[in-house]
Amino acid sequence: RLLILFFLLLSNLFCFSGTYTTINSGDWNDTSTWSGGSIAPITGNNNIINIGYGHNVILNNNITFGNGCELHVYGNLTINGDLTALNSLVIDVDGSLIINGNVIGKNGASITISGNASCTGNATFENNGVINMNNGSLSIGGTLTGGTGCEITGTGIINVQGPNNFDQTPATGVDVNPTLPIELVDFYAHQQFQGGYLYHRYLGAGERDKKPAQYYPYYLTCAGSVFI
């Protein structure tokens with residue numbers, strides 16, 4: 001019984017050791033940025049990382065998430081490097097996440113995105129990679145590339161500046177490179193025409209096929225109106 005209790009306590013301690021929360025703005029590698037002075041690792045499995053509300057954190061390095069990791073950005077996080085997912089990764093953004101580098105998915109990685117995230121480089125996934133948009137928005141400054149069996153699921157928006165061969169038939173709830181709404185608010189024709197003739201036919205009851213075509217002089221103004 002004592003042995004079982006020991007392992008239970010050890011497992012709980014291990015679980016809690018995988019959660020890292022900021023208490024201040026600052027550099028990722030500064031102990032004063034994190035609760036208890038425990039700097040969040042940039043590799044490993046089952047890590048839960050929380051960037052607190054109102055906190056601005058900068059990581060000047062690459063970061064690799066192993067199995068079962070979660071990244072919650074309630075404030076603002078800037079990663080000056082690559083973000084790599086080795087398996088399933090949940091990215092929840094309530095503030096802003098800026099990745100000044102590439103996003104890399106390996107081993108059939110699945111990335112779930114809520115909120116707004118941007119990547120200035122390329123997003124590259126190996127076979128069977130998944131981008132699951134959970135009412136999120138993802139901006140990719142480079143290319144979006146995926147191997148066989150890659151798919152886009154969920155609901156949200158993905159903007160890709162470069163070529164995209166990741167998933168040509170994404171879920172209907174995801175808009176990939178949506179077009180901007182365009183509305184014509186004014187029209188002006190510079191040239192004007194005067195004189196000439198306008199074909200006109202009577203359209204009165206019983207007259208449609210009896211009357212020949214009539215001709216009237218017209219004047220077309222620069223505003224595009226026709227006066228008969």
Side-chain angles (χ1 to χ4, degrees), residues 14-15 17-20 28-29 38-51 57-73 76-171 173-177:
F14 175 80
C15 290
S17 68
T19 300
Y20 305 85
W28 182 290
N29 293 313
S38 298
I39 299 174
I42 55 176
T43 60
N45 301 321
N46 302 309
N47 292 321
I48 299 175
I49 300 174
N50 303 303
I51 307 298
V57 178
I58 299 175
L59 173 61
N60 294 308
N61 209 330
N62 299 328
I63 186 167
T64 299
F65 292 96
N67 298 332
C69 291
E70 298 179 14
L71 173 63
H72 302 277
V73 184
N76 303 295
L77 173 61
T78 300
I79 300 174
N80 295 318
D82 296 339
L83 183 151
T84 300
L86 298 181
N87 204 297
S88 62
L89 170 63
V90 174
I91 298 178
D92 178 23
V93 182
D94 192 33
S96 69
L97 171 61
I98 299 174
I99 303 167
N100 291 318
N102 303 306
V103 173
I104 303 167
K106 296 185 177 182
N107 306 319
S110 174
I111 295 181
T112 298
I113 297 177
S114 302
N116 300 317
S118 66
C119 161
T120 60
N122 303 318
T124 305
F125 287 72
E126 294 180 351
N127 294 343
N128 303 312
V130 177
I131 298 177
N132 179 37
M133 303 300 296
N134 186 16
N135 295 316
S137 174
L138 174 61
S139 176
I140 300 172
T143 62
L144 176 57
T145 305
T148 303
C150 289
E151 60 178 341
I152 296 173
T153 62
T155 58
I157 298 174
I158 299 177
N159 284 298
V160 185
Q161 298 299 315
N164 168 26
N165 73 344
F166 187 88
D167 182 359
Q168 301 305 312
T169 57
V174 181
D175 290 328
V176 180
N177 289 340

Measure the [atom1]-[atom2] distance between [X] and [Y] for me, rounded to the nearest 0.5 Å.
{"X": "H72", "Y": "D94", "atom1": "NE2", "atom2": "CG", "value": "11.5 Å"}
{"X": "T64", "Y": "L89", "atom1": "OG1", "atom2": "CG", "value": "10.5 Å"}
{"X": "I63", "Y": "N47", "atom1": "CD1", "atom2": "CG", "value": "8.5 Å"}
{"X": "N87", "Y": "N107", "atom1": "CG", "atom2": "CG", "value": "7.0 Å"}
{"X": "T43", "Y": "N62", "atom1": "OG1", "atom2": "CG", "value": "11.5 Å"}
{"X": "W28", "Y": "N80", "atom1": "CH2", "atom2": "CG", "value": "12.5 Å"}

If you compare all heavy atoms of [X] against all heavy atoms of [Y], which two are closest, and at what distance to 0.1 Å?
{"X": "G154", "Y": "A171", "value": "O-CB, 3.8 Å"}
{"X": "G146", "Y": "F166", "value": "CA-CD1, 3.6 Å"}
{"X": "V160", "Y": "G142", "value": "CG1-O, 3.5 Å"}
{"X": "I158", "Y": "I140", "value": "CG2-CD1, 4.4 Å"}
{"X": "G101", "Y": "C119", "value": "O-SG, 3.2 Å"}
{"X": "A109", "Y": "A85", "value": "CB-O, 3.4 Å"}

Inset, instruction - Determine, step by step, whether D167 and C150 satisfy the side-chain contact (heavy atoms from CB on, under 4.5 Å) criterion, reporting the C-alpha distance in whole Å, the side-chain angles of both residues, the deciding distance to 0.1 Å, and the verdict. - result: CA-CA 6 Å; D167 182 359; C150 289; 5.7 Å; no

Inset, instruction - Please determine which of V103, L138, L71 meets the side chain to side chain contact (heavy atoms under 4.5 Å, CB included) test together with I111. - result: V103

Legend entry - Residue pair N76, I98: steps toward the side-chain contact (heavy atoms from CB on, under 4.5 Å) verdict: CA-CA 8 Å; N76 303 295; I98 299 174; over 6 Å; no

Inset, instruction - State, with a plain yes or no, whether a side-chain heavy atom of I113 is found less than 4.5 Å away from one of V93. - result: no

Inset, instruction - Assess whether side-chain contact (heavy atoms from CB on, under 4.5 Å) is satisfied between T84 and L86, documenting all intermediate values. - result: CA-CA 6 Å; T84 300; L86 298 181; 4.0 Å; yes

Legend entry - Pairwise side-chain hydrogen bond (donor to acceptor under 3.5 Å, both in side chains) hits with a residue in residues 132-149, at least two apart: T112-N132, S114-N134, N122-T143, N132-T153, N135-T155

Inset, instruction - Run the numbers on T78 and N100 for side-chain contact (heavy atoms from CB on, under 4.5 Å), then give the verdict. - result: CA-CA 7 Å; T78 300; N100 291 318; 3.6 Å; yes

